[in-house]
> 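Take this structure, written in structure tokens, and hold onto it; I'll ask about it next.
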Number of protein chains: 2
Amino acid sequence: MDNVIDQSGILAISTRLQRLADALRKEGQLIYQSFGIEFEPKWFPVVYTLHLKTSMSVVEIANEIGYAHPSTISLLKELEKQQIIKSKKDKTDERKRLIVLTPKGKALVSAMQPVWNNMQKALSQIADNKNNLMDAIIEAEEKLKVSGFLERSQKIRLSGDVR
Amino acid sequence: MDNVIDQSGILAISTRLQRLADALRKEGQLIYQSFGIEFEPKWFPVVYTLHLKTSMSVVEIANEIGYAHPSTISLLKELEKQQIIKSKKDKTDERKRLIVLTPKGKALVSAMQPVWNNMQKALSQIADNKNNLMDAIIEAEEKLKVSGFLERSQKIRLSGDVR
DNA sequence: TTAATTTATGTAGGAAACTACGTAGTTTTG
DNA sequence: CAAAACTACGTAGTTTCCTACATAAATTAA
């Protein structure tokens with residue numbers, strides 16, 4: 001609480017969230033480097049998803065990781081260039097591209113297991129406090145699913161709350 | 001917990017943080033609009049800071065809001081174009097620009113008080129759960145200040161934890 | 001079975017932050 | 001007090017996501 005933004009409290013929450021996301025992503029990058037692994041934090045959602053689900057279309061991946069599909073496409077381009085994934089046309093639906101991990105991709109996933117394990121421990125240290133950050137995120141997202149920020153604002157306004 | 005990324009848990013925490021930040025910022029924009037006020041969520045840190053501190057240099061603002069100074073400069077450019085702030089050279093230090101709210105900026109801050117009040121209530125609804133999101137952020141940031149993500153990762157690695 | 005709609009993918013460009021680097025004042029130091 | 005170091009500001013370009021729009025294949029409906 002040593003600066004104005006901290007004091008402004010919850011109003012700057014999206015700023016705070018983004019700052020934290022940024023910090024963790026950047027340090028995550030350094031951790032992969034420190035393990036001598038060529039991998040970028042932003043690739044994690046796609047690669048982890050393909051590791052579990054084997055073969056998916058572009059839009060399926062996008063939905064799974066909660067990204068817009070153009071963002072997913074550009075990640076897939078990078079991963080294809082790195083030969084971590086490859087894709088082939090779906091025989092039964094010519095529109096679809098089925099994405100799979102390459103052998104190199106699978107080897108990478110294996111090699112990253114200890115890194116992910118390590119990161120998980122470090123992140124748990126950071127996020128598990130009186131209030132657990134991951135749980136707080138999940139809870140907030142659930143609230144938002146029930147009724148969004150705008151909707152809540154309007155309900156509060158209509159309830160005669162003009163102070 | 002209905003998709004792979006949710007299940008991957010804490011490893012995707014920076015993704016989750018960013019997604020939430022994005023969602024709140026976008027809805028925040030809609031709330032300002034619904035109140036008929038021309039204001040962007042990203043301006044909040046600068047404007048709120050100037051509201052409290054009256055007159056500050058570019059770098060002082062950047063430090064206060066926790067942004068890199070070039071980010072601050074581009075926000076200040078927008079705010080100057082909107083005539084919400086203005087700046088003048090510091091007489092005693094020719095390098096510095098002192099930034100202040102214009103009368104229009106001050107009027108805007110007044111007009112936004114009920115909006116900020118409303119948002120604060122809506123955000124509290126969203127963020128206050130079994131785990132309070134804002135407190136969780138603060139606690140995690142404090143942990144990071146003591147020892148960063150990378151540093152913790154390395155300590156965990158050195159402590160013979162090779163599982 | 002053609003026309004309308006929906007779905008899957010792709011491209012282009014935008015938003016909100018960042019880093020790297022350069023210039024010009026200010027302060028410190030030898 | 002001149003040289004070196006530091007500080008303030010600015011520009012350029014990058015990163016990681018996004019939205020808007022286009023096209024083509026598949027499905028649904030008339």
Side-chain angles (χ1 to χ4, degrees), chain A residues 5 12-30 39-47 55-80 85 87-99, chain B residues 5 12-30 32 39-47 55-81 85 87-99:
Chain A
I5 289 311
I13 195 168
S14 95
T15 290
R16 302 288 293 275
L17 286 167
Q18 186 147 354
R19 207 151 91 192
L20 195 49
D22 244 59
L24 292 176
R25 194 175 24 71
K26 272 172 200 157
E27 288 208 74
Q29 204 155 15
L30 297 178
F39 194 77
E40 309 227 4
K42 68 175 161 179
W43 295 341
F44 176 79
V46 170
V47 171
S55 164
M56 302 176 80
S57 76
V58 174
V59 170
E60 279 167 4
I61 294 172
N63 290 337
E64 199 68 29
I65 68 178
Y67 280 15
H69 81 270
S71 313
T72 306
I73 288 173
S74 82
L75 289 175
L76 290 173
K77 267 187 192 154
E78 288 181 40
L79 288 167
E80 197 146 26
I85 61 137
S87 65
K88 56 175 194 289
K89 272 237 160 66
D90 185 329
K91 293 268 162 59
T92 69
D93 187 338
E94 283 286 310
R95 295 168 307 176
K96 284 189 187 168
R97 257 171 75 198
L98 292 179
I99 318 290
Chain B
I5 290 312
I13 196 168
S14 95
T15 290
R16 303 288 295 274
L17 287 166
Q18 186 149 351
R19 209 151 90 190
L20 194 50
D22 245 59
L24 292 176
R25 193 176 24 72
K26 273 172 199 157
E27 287 209 74
Q29 204 156 14
L30 297 178
Y32 284 119
F39 194 78
E40 309 225 5
K42 69 176 159 177
W43 295 340
F44 175 79
V46 170
V47 170
S55 164
M56 301 177 80
S57 76
V58 174
V59 169
E60 277 166 4
I61 294 173
N63 290 338
E64 198 69 27
I65 69 179
Y67 280 15
H69 83 269
S71 314
T72 306
I73 287 172
S74 83
L75 290 175
L76 290 173
K77 267 188 193 154
E78 287 181 41
L79 288 167
E80 197 146 27
K81 196 187 257 172
I85 61 137
S87 65
K88 55 176 196 289
K89 272 240 159 66
D90 185 329
K91 293 270 162 54
T92 67
D93 187 337
E94 284 286 310
R95 294 168 307 176
K96 285 188 187 170
R97 256 172 76 198
L98 292 179
I99 318 290

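Numbers restart at 1 for each chain; the letters A, B, ... are given by sequence-line order, proteins then strands. In this text, all values refer to a predicted model and were calculated from it rather than measured experimentally.
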> Salt bridge or not for R25(A) and D22(A), using N-O below 4.0 Å?
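Counted as a salt bridge, because a side-chain N and a carboxylate O are separated by less than 4.0 Å.
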> Can you tell me how far apart CG (L98(B)) and NZ (K91(B)) are? Round to the nearest 0.5 Å.
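L98(B) atom CG to K91(B) atom NZ measures 9.5 Å (nearest 0.5 Å).
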> Within the pair K77(B) and dT11(D), is there a side-chain N or O less than 4.0 Å away from OP1 or OP2?
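Checking K77(B) against dT11(D): at least one side-chain N or O falls below 4.0 Å of OP1 or OP2.
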> Return the CG to CD1 distance between L24(B) and I13(A), rounded to the nearest 0.5 Å.
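Interatomic distance, L24(B) CG to I13(A) CD1, rounded to 0.5 Å: 6.5 Å.
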> Looking at CD of Q18(B) and NZ of K42(A), how far apart are the two atoms once the value is rounded to the nearest 0.5 Å?
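Nearest 0.5 Å value for the CD-NZ distance: 11.5 Å.
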> For R97(A) and dT23(D), what is the distance between atoms CZ and P respectively, to the nearest whole Å?
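Answer to the nearest Å: 20 Å.
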> With 3.5 Å as the limit, what N/O pairs link the protein to nucleotides 15-19 of chain D?
residue	atom	partner	partner atom	Å
dT16(D)	OP2	K42(A)	NZ	2.6
dC17(D)	OP1	Y67(A)	OH	2.9
dC18(D)	OP2	A68(A)	N	3.1
dC18(D)	OP2	S71(A)	OG	2.3
dC18(D)	O3'	K26(B)	NZ	3.2

> In whole angstroms, how far is the P atom of dT9(C) from the CG atom of N63(A)?
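Going from CG in N63(A) over to P in dT9(C) covers 10 Å.
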> In whole angstrom, what separates K96(A)'s NZ from dT23(D)'s C1'?
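In whole Å, dT23(D) C1' lies 18 Å from K96(A) NZ.
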> Between M56(A) (CE) and dA8(C) (P), how many Å, whole number?
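About 12 Å, once rounded to whole Å.
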> Between P on dC18(C) and CG on L20(A), what's the gap in Å once rounded to a whole number?
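Atom CG in L20(A) sits about 13 Å away from atom P in dC18(C).
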> Any side-chain heavy atom of V46(B) sitting closer than 4.5 Å to one from Y67(B)?
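V46(B) does not reach Y67(B) side chain to side chain.
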> To the nearest 0.5 Å, what is the distance between NZ on K26(A) and OG on S14(B)?
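Reported to 0.5 Å precision, the distance equals 11.0 Å.
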> When rounded to the nearest 0.5 angstrom, what distance separates CZ in F44(B) from OH in Y32(B)?
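Reported to 0.5 Å precision, the distance equals 6.5 Å.
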> Polar atoms only, N or O, under 3.5 Å: list the protein pairs with nucleotides 25-28 of chain C and their distances.
residue	atom	partner	partner atom	Å
dG25(C)	N2	R95(B)	NH1	2.8
dT26(C)	OP1	E94(B)	N	2.6

> Determine whether M56(A) and I99(A) make a side-chain contact, defined as any pair of heavy atoms from C-beta on separated by less than 4.5 Å.
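No, too far: nothing below the 4.5 Å cut-off.
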